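Okay, so here's the structure we're looking at.
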Amino acid sequence: MILHHSFELSLPPGEAFRLLLDVPRVATCIPGATLEPAANGVYRGAVAVKVGPLDLVFRGDAVLAEANEAARTAVVRGRGTDEKGRGSAQAVMTFALGEVERRTRVDLTTDLVLSGAVAQYGRGQGVIQAVAAQFVAAFVANLEARIAGDAPAAPPPALSAFSLAWAVVKARLGRVWAAITSRGRPGGRPAADAERSPR
Amino acid sequence: MTNPTTGIGAAVERIEDDRLLRGGGRYLDDLELPGLVHAAFVRSEHAHARVLGVDATAARQLSGVAAVFTTDDFPQASRGKRMPQTAPIPALTAAVSTMHALATDEVCFVGEPVAIVVAASRAIAEDAAALVAVSYEVLPAVTDPRRALAADAPRVRAAAPDNRAGRFAAKFGDIEAAFAGAARVIDLEVESHRGGGHSMEGRGAIAAVEAYSGKVTLWTSTQLPHTVRRHLAAHLGLEEPQVRVVAPDVGGGFGPKGIFYAEELALVLAARALGRPVKWVEDRREHFLASVQQRDQAWTLQVAVDPDGAVRGVRARGTNDCGAYLLYGLLLPLTTVVQFPGPYRWGALELELDCVFTNLTPTSPVRGAGRPYANFVIERAMDAVARTLGLDRAAVRARNMIPDDAYPYETGMRTPAGVPIKYDSGSSRACLDRLLEDAGWAGFGERQRAARESGRYIGLGLACYVEDGGIPPFEGATVRVLPSGTVLVRSGAASQGQGHATIFAQIVCEVLGVPLAQVMTEAADTDAIPRGVGTLGSRIAVTAGSSVAKAAEAVRDKAIAFAAAHVGVAAEGLEIVEGAVVVRGAPARRMKLAEIAAFLNGSAGVPIRPGFEPGLEATAFFPVPAPTYSNGSVAVEVEVDAATGAVRVAECWFVHDCGRMLNPLLVEGQLVGGIVHGLGNALLERMVFDREGQPLSTNYGEYLLPGATDVPRFHLRHIETASTRNPLGVKGVGESGTIPTPAAVISAVEDALSVHGAVFDRHPLSPEDVLAATGCLQDPGKAVRPDERRREASTALHPETAR
Amino acid sequence: MSDAVRIDLTVNGRAMGGAAEPRTHLADFLRQELRLTGTHLGCEHGVCGACTVIVDGRPVRACLLLAVQAAGCEVTTVEGLAALDGPLGDLQAAFRRRHALQCGFCTPGMLMTLAALAAAQPDADEAEVRAALSGNLCRCTGYAPIIAAALDVLEARRASSAT
Amino acid sequence: MKPAPFVYHAPRDRSSAVSLLGSLPNAKVLAGGQSLVPMLNMRYAAPDHVIDLNRVAGLAGVRIDEHAVEIGAMTRQVDLLESSELARRLPLVAAALRHVGHVQTRSRGTIGGSLCHLDPAAELPLVALVSDATLTAAGPRGERSIPAAEWARGFMAPALAPDEILVSIRFDLRGASGYGFHEFARRHGDFAIVAAAVLIELDGERVARARAALGGVGPTALRLGALEAALRGQQASRVGEVIGPALAALEPVADAYYGARYRRHLARVLAERAMRDAIGRAREAPR
């Protein structure tokens, strides 16, 4: 499935671009990610995601497939297979950076393909999208934290992605949500929930 | 008749049931063998990929694992060969159309077997399967059959020139003239969705190889033991007597068990290599991934009509989704084509059906085979004609129907061999007329108006069908009187629950007058009878039933001749009564079949009476020249909840003619079961794949089979017009219920919502489709398809929409 | 691999026992360890009902109950509905009379669900019978004869208990 | 389709259950098992340890007093359904239970298991939410109460710490005078596509207090606070006019089978039906 996410980083595009190309640093901002040093441009590692009752660990590799300094676009290809044989994930992530008031707007397009048992659950389809959105939101929050200087000593723990999915939907719906639930937090930041989430 | 209470036509209880009701059935998974080990398959998780490598090191090291086989671990002779096609036909154009026992370098659907793991238990085999690391290079997949032939479509198999599996074309009459002179030309687009067989018992097999003789035995939950043996022997380079295939009790077939599967071959190769019997029992997820399914068919139609609704000509162009491979052949689309006109006669027809490959689960006949889709297209057209011309739906059908005095009737269609399709006998019009009475068709409009005044939406729909049954070539039977007097019937006619043993016993009882309890049947063991085909296409009553009758009559004649010689009475003076040959008029003078059997079995030193072959038995094969044609009409009453889109099927009237009925109880069982299968196709059973070809419906919480709360009240009526093509006068009935039901249900829902001008062009019909047609959804229009729903979902969750 | 544990229970009125891994569900334990193969597995994810057995008086899905959880329980399977050498029970006879089985694979589950229903709700009407059967899938019969057989038995039992 | 291997634990008392849960890595709690065991069989879930609560003393049973009903987490759904007292005091729960699975799953399924599994379309979390129930969890630091509104942290994620178990759920009986429950599923016993639960208190012909929630529209059940506010003080005969607008902004999560648009439509239809029933019952309710 094709996913579109956009976010802003409090850095000028030039620096933001260099940061995003620094895979080892960026990896420390990916929830539940562990990364081994690169061997000729290929990074091996794993990403742990808790999907409701499922604890998945996708182990695989990632490469920086393209980087166009001038156009400030980059393509990262990643793939991973669940350790317990429940399927695999492939993602082609295309970053396009642009400037907004000395900050950087990042348009991220992800072509995500899930395969195997994890993908074969029609009732879960919609929520997978919510998770992806949440995953990016948490990633951005961690990235911002790093930009702000409080670099995490260790990679962030695997967040219970699904346990946060709802927060994202709420955030997305913003006031609309407030209108419906009278409990929504307009503009509420998923990341705020990320810190409060169990495990 | 000899035996009105238990012979042909009697509604006797089944002799199979006692054992099954006590839990005494012996299905594949109930069989045990010394040294048995258990298999699990590693299956492709991609719809299309190149297999770069398989690493089974970790799996092989797991305690309890006997072996892991990839294609490289099989003998070259097998590795090089693709699976045989169960029934190839000329219309097939693709060079490569089947898979290997295990994938070699490419996988073409999710679930294609890549490796087989053999271990001490199924659980351990699954533990190990999860440890087998397969590296894939994912390739683009074809998942929309309607786009499969596009120039820019990816290839289902990387090496194939295109995605065409085959093509059918049919034509009769002067199509140009028919359209030139038409009052109206009606255009339609119609789709039938892929569903599955879903026998409650999945597939399964045990392969064993004898150490010295090398004889292969395969116990398998199949419909076609003899066919599987033929292909297995050919693949292994063995003579047929060196291969034995046995079908134990089989927990339902419905078509998908009428295939020689890669898993069966892989099991035999594994058993050979290990020198131990290997069992594999398909689990339900495997059934969703790798057992053949129905097809998607999409049709565009032009119908040229006269003002009175007479169809002058039909132009039809269709696409049939074969899935990734042709495990059977093109029988399903072929059946769609040759059955196309059903019970109707038109001036002219021009038809083309493209058969295409996709990277989805292979398709093949499921109950109804190609017929329900032809029926759905034609019956949608009949409703469209009625709607367009403002005519009554039943009247349009009657106007175009083959008259009951026109049989034998040539439809204008031909078999691939060029033989004209000729209906043997029929009563389509009588069935329709009787149905309209039974269902209160004339008075329904009034009931409908009254219901609407109280806010209820009820609708009545109908459909008419022809079912070709008793399909060629033949089936056979041996009837043998044992010294005890018990009559043994042996046949290749494997049963999946149809009650073959009971109808064979009824036929024997009719001819030899023995009680049912004295007839035992052994079917589905290739060692029990040399030749056979198997069970598909509603063929057993016709083919095997007639063989049993012929063999039993030969036994009767031999017994009478022997008794005549033995007691010195002319054969004309003798008859068979209750298992004994008796002198007409002097029933005290009798000779039991058991005694005759004992004489003819001989005893050492005593010569058998001159002129008689040993044994009181006969074997007969009944070759059928052409199918028989059953017919009938169904009406369905539904109530629609216009607020939720829920459809409740309330009543079902079914009037049909399957020739002479051997056992009405069993005929009704076949009908009702078939109708409910059709209800599932009409409303519930949706097999969803995503755009990468990943199946999303892989459990019974999501793929919805009809349940006890979903079935209507049934009103069945039988009309019996004997077939002229077999001595019993019987026809097929196993698929009659399934063929017209989807069309009738959709017609009924349309009727219920006619005030909204609802028109439906596909099944299954989801409540969302129903609501969309009523315009009750905020954003009316055609209901979104599953893949569009996912697109909608993705935009609904698009983070930008939050800002 | 986890080790096998000893499991003792009562099946069809007889004390029985065997060993199984904790991951073994009751259906596999009955079939493989106790060789009572009348209980069938149709989906193994708790929808089709073919594996229905009665545990401590309640119908349960034997594929969703670990065998170790059934230790000490009273289990009734289809083999317990009639003595091997005796006549069929009333439900079984009604199934035969109504042709309520074809391939017979779902039948044991259907029988056990109905046996439990007849005991718990002797006055069940057609709607209640259908609801009770909604947890059992059958692909052969179309359910109508199964529903009819169940109603026959309920009525006959009511009649006999009334006299 | 056999589960991956795991170590089985059957603690007899609460504290050992909690300490096992706290000490064992990758452990799952087994209650009724009607949701967990299918996931084990299909290997979606592959825990190293399974902690079975079925032999833990004191987790099952119903306590009814004047103002509240307290239900032990391990109380079987069938026992709740068969309790005429519960049907009288908690008719909404009884009504919802009739939609939960099938007779064979209710024989084993527990109220606590359903609340912890937290399927987005499940009935019991929905009625707990609309009833402002209070859940009690036990952990190494003793017990704590969790309001139903804070129970669902997201998709199938209850607000339990990794070393906590749910021990009971308490329904306050005060002021729930009329109830309504409607769900739409394709077949009897299926997961609802959308479900709606409503509680109404009337003051004469005016709505004194309305509580409403939906299942099946998002990753968790959804309380309709804005609708409740809009209904306060409304003429009972005119609530229908309020529901549509209040739900117009709802953006349900679609799945492979049913779209967001259809779920939004169902939400309105079922909410209206549940509301109508609730008002009808409130009118009949003794004052």
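FYI, side chains are in, hydrogens and waters are out, and symmetry mates aren't considered; it's all heavy atoms of this structure. On a predicted model such as this, the values are computed, not experimentally measured, just so you know. Note on naming: letters A, B, ... go to the chains in the order of the sequence lines (proteins, then strands), and numbering restarts at 1 for each one.
- Looking only at heavy-atom pairs under 4.5 Å with chain D, the residue among C:His25, C:Arg130, C:His45 that has the most is C:His45.
- In this structure the side chain of C:Leu64 reaches within 4.5 angstrom of the side chain of D:Pro38, judged on heavy atoms.
- Both the backbone and the side chain of C:Ala71 come within contact range of chain D, each with at least one heavy atom under 4.5 Å from a heavy atom of that chain.
- For C:Leu117, no part lies near chain D; criterion is any non-hydrogen pair under 4.5 Å.
- For chain D, the nearby parts of C:Ser134 are the backbone and the side chain; heavy atoms of each come within less than 4.5 Å.
- For the set D:Pro3, D:Ser35, D:Gly101, D:Ala10, the entry with the most heavy-atom pairs within less than 4.5 Å of chain C is D:Pro3.
- Chosen from D:Leu36, D:Asn54, D:Asp52, the residue pairing most often with chain C at heavy-atom distances under 4.5 Å is D:Asp52.
- At a threshold of 4.0 Å, the pair C:Glu128-D:Arg98 does not count as salt-bridged, since none of the basic side-chain nitrogens sits closer than that to a carboxylate oxygen.
- When the shell of 6.0 Å around CZ of C:Arg14 is examined, it contains 12 or fewer heavy atoms from other residues, nucleotides or ligands.
- Ranking D:Met42, D:Lys2, D:Arg106 against chain C, the residue ahead of the rest is D:Lys2, based on heavy-atom pairs under 4.5 Å.
- Ion pairing of D:Arg108 with C:Asp56 is absent here, as no side-chain N (NZ or NE/NH1/NH2) approaches a carboxylate O to less than 4.0 Å.
- To the nearest 0.5 Å, the span separating OH on D:Tyr8 from CD on C:Gln69 amounts to 5.0 Å.
- None of C:Asn136, C:Val53, C:Ile54, C:Val60 except one satisfies the side-chain contact (heavy atoms from CB on, under 4.5 Å) rule with D:Gln104; the exception is C:Asn136.
- Counting all heavy atoms, side chain and backbone alike, D:Ser107 lies closest to C:Pro59 at OG-O, 2.7 Å.
- Taking CG of D:Asp79 as the start and CZ of C:Arg58 as the end, the distance is 5.0 Å to the nearest 0.5 Å.
- For CZ of C:Arg158, the number of neighbouring non-hydrogen atoms (other residues, nucleotides, ligands) closer than 6.0 Å is greater than 12.
- Enclosure of atom CD in D:Glu85 by more than 12 non-hydrogen atoms of other residues, nucleotides or ligands within 6.0 angstrom is indicated.
- With rounding to the nearest 0.5 Å, the separation of SG in C:Cys63 from CE in D:Met1 is 9.5 Å.
- In terms of heavy-atom pairs under 4.5 Å with chain C, the best-connected choice from D:Val103, D:Thr105, D:Val78, D:Leu40 is D:Val78.
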